[in-house]
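Everything quoted here is computed from the prediction, not taken from an experiment. Worth knowing before you read on, the calculation uses all heavy atoms, side chains too, and leaves out hydrogens, waters and symmetry mates.
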Amino acid sequence: MRRIGIWIAAGGLLLSTAACGGGSDGGAGPSTPKTQSLSVGFVAEPANLDFTSTEGAAIPQALLVNVYEGLVKLDQDGTIVPLLAEKWDVSEDRRTYTFTLRKNATFSSGAAFTADDVVFSLDRVKSDWKLKIKSQLDVVDKVEKKDDSTAVVTLKKPSNGFLYSMATRLGAMFSRTGVSDLANKPVGTGPYVLGSWRRGDSIQLNANTSYWGAKPALSAITLKYFKDATAMNNALLSGGIEAISSVQAPESLQQFADPNRFQTIEGTTNGEVVLSMNNSRPPFDDIKARQAVRHAIDHKALLETAWAGRGQLIGSMAPPTDPWYEDRTGDYPYDPAKAKALLGGRTLNVKMRIPNLPYAVASAQVVKSQLAQVGITAEIEPLEFPARWLDQVFTKGDYDLSIINHVEPRDMGIFADKSYYFRYDNPEFGKLLASADEGTEQQQIDDLKKAAKLLSDDAAADWLFLFPNLIVAKKGVTGLPKNAIAESFDFTALAKQ
């Protein structure tokens, strides 16, 4: 979500083989003798398909890169690489970006992709987008068409974050004639198009037979939505599905230990599993109460208990894949006596409103038990995700504690918005972010290290662990992404041997 970078680590991959020939799912072209389809399971279904006006990571996870493309994208190492732009040049003053566009790209509607669409899409972020993250492009002064295949973006000031933001949903390119019903009918340049959407069940993406780039190996992808992680595991074991894209019960991995049947892939994500504290109301408007919470939690024990030891402890809002990462796990060592001292003999009763997602439910039970040891009684209230959690916690800020996985890349800046659901307000933090964005690369690293330390010192939240990317699949499934460090689940490399 993001900003909510909250992606909900989700789902499982299911595979099925379609009948020979060009079936009604429309995948490969008529010359393709055999079609294959892949069904991908997730634990959180999008509320709609418009990621310009609806929070939550489930929408870009499904559509970004697959249906919508940007000028650039992130590769598996987090490097910015070309997509709809063949290349780009940056002026010496770092304020002007000149993008050379691919000449053969078209939208699924048949309309050609040109610089006019770049101008339209980036201008529309300011005029039409409803999400808080659109402020990331406030640094843009103007977007101009030089010719059909050249677009020029001029910034108000140098920005280290601009190009990275362009690799997120903010940089998605939209057709000038394709935005009338974004919630239901996405029109993009990607390798897949929307086939059908059965609300509450699945979304089917069909291969785009007129795609400008390398054609996908699969004729169709079905995103199948599950609320029961155990059912996904059982389906994989019984042969009903052929892969789980993000394991929701790590202790179940032992069931898939037979290398003759299964493969296990373990990588990293940007997903900081955050114990959110409402900084704007009692008791957590008091820094000592927030610091007490941080000292009360045995993070190593929590990781072992809640997520079978999978993942990594981090201590602040930066994963190890960021250049400014520092291990801040030592800032608040497990110390129940110090937690009690910070509370000054007080006992607290708080409401922990969490999404009804496996990692949040498992973590909340451990947090509740550990807080009880220092005099904090936490009442756990699971909320249906995304709708109720977004409404009650994210939008209205009606909570004391919550737990959510913030998966968007480089999302430390969410703490700079005092209206964001953390309700954190420290002007010094915002100054550090501004300085980091405008300075040299080394200044960016130095300032963001200071910003991460400030968040930790202020106990703006607690960081339970970095969510792992755990994939289990049957042998023969290829192209599975080891790391999940972008907003999308990139289907384009998936195939079946």
Audit row: Ile244, Asn233, side chain to side chain contact (heavy atoms under 4.5 Å, CB included) steps and yes/no: CA-CA 8 Å; Ile244 296 174; Asn233 291 340; 3.0 Å; yes

Full working for side chain to side chain contact (heavy atoms under 4.5 Å, CB included) between Leu357 and Trp389: CA-CA 11 Å; Leu357 297 165; Trp389 188 91; over 6 Å; no

Side chain to side chain contact (heavy atoms under 4.5 Å, CB included) evaluation trace for Val118 with Val143: CA-CA 8 Å; Val118 179; Val143 186; 4.3 Å; yes

Step-by-step salt bridge (Lys or Arg N to Asp or Glu O under 4.0 Å) determination, Asp116 to Lys145: CA-CA 6 Å; Asp116 287 314; Lys145 170 187 174 180; 3.1 Å; yes

Chi angles and distances behind the salt bridge (Lys or Arg N to Asp or Glu O under 4.0 Å) call for Glu266, Arg310: CA-CA 9 Å; Glu266 182 169 358; Arg310 304 282 180 161; 2.5 Å; yes

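Under the 4.5 Å side-chain criterion, counting only non-hydrogen atoms from C-beta, Pro481 is in contact with Gln76. No side-chain heavy atom of Val247 sits less than 4.5 Å from a side-chain heavy atom of Ile471. Ile403 has its side chain out of reach of Val274: every pair of non-hydrogen atoms, C-beta onward, lies at least 4.5 Å apart. Residues Ser165 and Leu137 meet the side-chain proximity criterion, which asks for heavy atoms closer than 4.5 Å. Proximity of Trp197 to Leu223: side-chain heavy atoms (C-beta onward) are nowhere separated by under 4.5 Å. The closest side-chain heavy-atom distance from Ile59 to Asp50 is not below 4.5 Å. Under the 4.5 Å side-chain criterion, counting only non-hydrogen atoms from C-beta, Val67 is not in contact with Leu194. Using a 4.5 Å cut-off on side-chain heavy atoms (C-beta onward), Tyr420 and Lys132 make contact.
Side chain to side chain, Asp141 and Thr154 fail the donor-acceptor criterion of an N or O pair below 3.5 Å. For the residue pair Glu69 and Thr189, a side-chain donor N or O sits within less than 3.5 Å of a side-chain acceptor on the partner. Donor-acceptor pairing under 3.5 Å is recorded for the side chains of Tyr421 and Ser276. Side-chain atoms of Gln204 and Asn206 form a donor-acceptor pair, as typed in the model, at a separation below 3.5 Å. Residues Asn426 and Asp458 have side chains that bring a donor and an acceptor to within less than 3.5 angstrom of each other. Between Asn160 and Arg94, the side chains place a donor N or O and an acceptor N or O closer than 3.5 Å (distance only, hydrogens not considered). Defined by atom type and a distance below 3.5 Å, a donor-acceptor pair is present between the side-chain atoms of Asp147 and Ser149. One side chain, Ser435 or Asp447, offers a donor N or O that lies under 3.5 Å from an acceptor on the other. In the model, Asp77 has no side-chain atom that pairs as donor or acceptor with a side-chain atom of Thr79 under 3.5 Å. Using modelled atom types and a 3.5 Å distance limit, the side chains of Trp463 and Ser456 yield no donor-acceptor pair.
Separation of atoms OG (Ser108) and OH (Tyr68) is listed at 8.5 Å; rounding is to 0.5 Å. Note that the OG1 atom of Thr269 and the CG atom of Asn405 stand 6.0 Å from one another [nearest 0.5 Å]. How far NZ of Lys87 is from CG of Leu101: 11.5 Å, rounded to the nearest 0.5 Å.
Remark: Arg198 CZ is loosely packed, at most 12 non-hydrogen atoms of other residues, nucleotides or ligands lying under 6.0 Å away. Other residues, nucleotides and ligands place more than 12 heavy atoms under 6.0 Å from the NZ atom of Lys156. Heavy-atom contacts from other residues, nucleotides or ligands closer than 6.0 Å to NZ of Lys126 number more than 12. Within a 6.0 Å radius of CD in Glu441, no more than 12 heavy atoms belonging to other residues, nucleotides or ligands are found. By the 6.0 Å contact criterion, NZ on Lys215 is enclosed, its count of non-hydrogen atoms from other residues, nucleotides or ligands being greater than 12.
Asp437 places a side-chain N or O within donor-acceptor distance of the main-chain N or O of Gly161, the cut-off being under 3.5 Å. Judged by distance alone, with hydrogens and angles left aside, the side-chain atoms of Arg423 form no donor-acceptor pair with the main-chain N or O of Lys418 at under 3.5 Å. Looking at Thr395, its side chain does come within 3.5 Å of a backbone N or O of Leu390 through a donor-acceptor pair. Side chain of Ser121 to backbone of Met173: no donor-acceptor contact under 3.5 angstrom is found. Between the Asn66 side chain and the Phe491 main chain, a donor and an acceptor come within less than 3.5 Å of each other. A donor-acceptor contact shorter than 3.5 Å is absent between the side chain of Thr106 and the backbone of Ala111. Asn270 places a side-chain N or O within donor-acceptor distance of the main-chain N or O of Ile485, the cut-off being under 3.5 Å. Formation of a donor-acceptor pair under 3.5 Å by the Asn356 side chain with backbone atoms of Phe385 is found in this model. No donor-acceptor distance shorter than 3.5 angstrom exists from the side chain of Ser135 to the backbone of Asp138, with no hydrogens or angles considered. Here the side chain of Gln248 pairs a donor or acceptor atom with the backbone of Ser246 at under 3.5 angstrom.
Aromatic ring orientation, Tyr97 versus Phe99: parallel (interplanar angle below 30°, classes split at 30° and 60°). Under the 30°/60° scheme for interplanar angles, the aromatic rings of Trp307 and Phe467 are found to be tilted. Below 30°, between 30° and 60°, or above 60°: for Phe174 and Trp129 the angle between ring planes is above 60°, a perpendicular geometry.
The ring-ring contact (aromatic ring centres under 6.0 Å, His included) test applied to Tyr211 returns no partner, not counting sequence neighbours.
Closest heavy-atom contact between Trp324 and Ala318: CD1-CB, 4.1 Å. Residues Leu163 and Val72 share a closest heavy-atom pair of O-CG2, 4.0 Å. Scanning all heavy atoms of the two residues, the minimum distance from Lys130 to Ser53 falls at CG-CB, 3.5 Å. Shown here for Pro216 and Tyr192, the closest heavy-atom pair between the two residues is CB-OH, 3.3 Å. In terms of heavy atoms, Leu236 sits closest to Val472 at CD2-CG1, 3.7 Å. Between Leu170 and Leu122 the shortest heavy-atom distance is O-CD2, 4.1 Å.
Taking 4.0 Å as the cut-off between side-chain N and carboxylate O, Asp490 and Lys73 count as a salt-bridged pair.
Met412 pairs in a side chain to side chain contact (heavy atoms under 4.5 Å, CB included) with only one of the listed residues (Leu432, Asp322, Leu455), which is Leu455. Each of Lys475, Lys496, Lys474 was checked for a side chain to side chain donor-acceptor pair (under 3.5 Å) with Glu242, and the lone residue meeting it is Lys496. None of Leu480, Asn483, Val477 except one satisfies the side chain to side chain contact (heavy atoms under 4.5 Å, CB included) rule with Ile265; the exception is Leu480.
Two rings, from Tyr164 and Phe162, have their centers 6.0 Å or more apart. The aromatic ring centres of His406 and Phe422 sit less than 6.0 Å apart.
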